[in-house]
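Indexing begins at 1, ligand by ligand and atom by atom, following the structure's order. No hydrogens, no waters, no symmetry mates; every other heavy atom, side chains included, goes into these values.
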Amino acid sequence: MEKTEKIYIAGHRGMVGSAIKRNLESKGYTNLICLTHSELDLTDQQAVNEFFESEKPEYVFLAAAKVGGILANSTYPAEFIYDNLMIEANIIHAAHIYGVKKLLFLGSSCIYPKFAPQPMKEEYLLTGELESTNEAYAVAKIAGIRLCKHYNQQYGTNFISVMPTNLYGPNDNFDLETSHVMPALIRKFHEAKINNESKVTIWGSGSPKREFLHVDDMADACIYLMENYDYADIGEFVNIGVGKDLSIKELAELIKDVVGYEGDIVYDSSKPDGTPRKLLDVSKLNGLGWTSSIGLKEGIKATYRWYVGN
Ligand code: GFB
């Protein structure tokens, strides 16, 4: 990727796309194309084709997606599967038709079977039943990986895929109904602190384990792979994570400490736990020469500062 080549970031206003944009700009990439949803509806095939035909991007970061936490995924499964399938299919197909040199597709660690052995290696894909709370999203993301693979196989394209673990950081969604656990807990503890509330309610049992990667690390890994590796080197996809997890209970204690809240934590067992554990095996990524650098507590502190400031 040359600094002046044309790079399209799909989803540049989202948490991941905005982090990729910041990172590319800081590295001196000058020819970035970013369009808002009202300028280009990525579920509209004709509009996507017209955009690729007129702009002819040379590189594509496919970070546009309909995303959400456990409740949003289980409440709106039709939207999660339809929007994500359409966005991926339209962009990947147009990237092939209009000769994109390399594309990076972002998947998710929920593509793995619910009871996959831990930590989860890339080869565990499609070896068992998916977790029901996010099956629609997972099926769409699996389709995206296979779109890239089969276009590479049939057309000789260079479309690579990455599977990030649970991400957090600036520009995350902090809505309590639709967000992921990290932004939800930052907001809950902050509001409980400023309103002097005696308790904060955590969904589920607190026992599920999750791995968290700061989005600036995620962006750094994506750009590192785009700059240095092709599909022929990476294969079908590579996990992106830190290789360490913790329970939701431990996460809640950590966020409570960072925010400086002194009340109690209670658990609402009427809310779903989701998959019991979701830890990525990152040895393939480490072998490609990349490791995460932002520690969890440091990342939470930075995200909390961002939340309070925004
Ligand atoms: O982050 P999260 O919504 O999604 O929830 P998943 C992780 C865990 O945190 C679950 C618990 O066990 C939740 O019950 N939790 C506790 C909370 N309190 C809260 C809260 O206030 N809000 C939320 N949201 N959770 C998602 C998938 O799964 O992970 C997506 O639904 C995607 O498809 C994403 O793959 C990375 O980690 O369970």
#### Entry: Within reach of ligand 1, part of Val181 (heavy-atom separation under 4.0 Å)
both
### Message
Once you restrict to heavy atoms under 4.0 Å, what part of Lys278 touches ligand 1? Side chain, backbone, both or neither.
### Response
side chain
### Task
Using a 4.0 Å heavy-atom threshold (strictly under), name the region of Met182 that reaches ligand 1: side chain, backbone, both or neither.
neither
### Query
So which heavy atom in the protein is nearest atom 12 (O) of ligand 1, and how far is it from that ligand atom?
Asp273 O, 2.6 Å
#### Entry: Any Gly68 heavy atom less than 4.0 Å to ligand 1
yes
### Query
Got an N/O contact under 3.5 Å between Asn73 and ligand 1?
yes
### Message
More than 12 heavy atoms of other residues, nucleotides or ligands under 6.0 Å from OH of Tyr304: yes or no?
### Response
yes
### Query
Quick one: does Pro208 get an N or O within less than 3.5 Å of an N or O on ligand 1?
no
### Message
Whether the side chain of Tyr261 engages the backbone of Glu197 through a donor-acceptor N/O pair (distance < 3.5 Å, no angle test) should be reported.
### Response
yes
### Query
Considering only heavy atoms, does Asn134 approach ligand 1 within less than 4.0 Å through its side chain, its backbone, both, or neither?
side chain
### Query
Looking at side-chain heavy atoms only, is the closest gap between Leu24 and Ile7 below 4.5 Å?
yes
### Task
Any atoms of ligand 1 less than 4.0 Å from a non-hydrogen atom of Ile248? List them with their elements.
8 (C), 9 (O), 16 (C)
### Message
Checking a contact table here: which protein heavy atom is nearest atom 4 (O) of ligand 1, and how many Å away?
### Response
Ile70 N, 3.8 Å
### Ion pair check, Arg22 and Asp216, cut-off under 4.0 Å
yes
### Query
Between Asp245 and Lys278, does at least one N-O distance fall below 4.0 Å, as a salt bridge requires?
no
### Message
Walk me through whether Lys66 and Tyr82 qualify under side chain to side chain contact (heavy atoms under 4.5 Å, CB included).
### Response
CA-CA 9 Å; Lys66 181 170 183 65; Tyr82 178 81; over 6 Å; no
### Query
So, Asp264 and Lys199, do they make that salt bridge, N to O below 4.0 Å?
no
### Message
Checking a contact table here: which protein heavy atom is nearest atom 21 (O) of ligand 1, and how many Å away?
### Response
Lys188 NZ, 2.7 Å
### Salt-bridge criterion met for Glu55 and Lys6 (N-O under 4.0 Å)
yes
### Message
Looking at Lys101 and Glu5, is there a salt bridge between them, counting it only when a charged N and a carboxylate O are closer than 4.0 Å?
### Response
yes
### Task
Can you establish whether the number of heavy atoms outside Lys244 located under 6.0 Å from its atom NZ is more than 12?
no
### Message
Applying a heavy-atom cut-off of 4.0 Å, say which part of Tyr137 lies close to ligand 1: side chain, backbone, both or neither.
### Response
side chain
### Task
Could you name the option among Gly69, Ala184, Ser179 that has the heavy atom nearest to atom 24 (N) of ligand 1?
Ser179
### Message
With a 4.0 Å cut-off on heavy atoms, is Arg210 in contact with ligand 1?
### Response
yes
### Query
Can you find an N or O of Pro272 that's nearer than 3.5 Å to an N or O of ligand 1?
yes
### Query
Please state which protein non-hydrogen atom is closest to atom 34 (C) of ligand 1 and give its distance, to 0.1 Å?
His180 NE2, 3.2 Å
### Message
What I'd like to find out is whether the side chain of Gln46 reaches to under 4.5 Å of the side chain of Glu50, using heavy atoms alone.
### Response
yes
### Query
Is the charged tip of Lys102 near the ring of Tyr59: under 6.0 Å from the six-membered ring centre and within 45° of its axis?
no
### Under 3.5 Å: N/O of Ile202 near N/O of ligand 1
no
### Task
Assert yes or no for the condition that the ring centre distance of Tyr307 to Phe174 is strictly below 6.0 Å.
yes
### Query
So which bit of Ala138 gets within less than 4.0 Å of ligand 1, heavy atoms only: side chain, backbone, both or neither?
neither
### Heavy-atom gap Asn166 to ligand 1 smaller than 4.0 Å
yes
### Electrostatic pair Lys27:Glu227 at N-O distance under 4.0 angstrom
no
### Query
Quick one: nearest non-hydrogen protein atom to atom 35 (O) of ligand 1, plus distance?
Ser108 OG, 3.0 Å
### Query
Nearest non-hydrogen atom to atom 22 (N) of ligand 1 belongs to which of Tyr112, Tyr267, Trp203?
Trp203
### Message
So if I count the atoms of ligand 1 from 1 in the order they appear, which ones are less than 4.0 Å from some heavy atom of Cys110?
### Response
33 (O), 35 (O)
### Task
Output yes when the distance from some N or O of ligand 1 to some N or O of Thr275 is under 3.5 Å, and no in every other case.
no
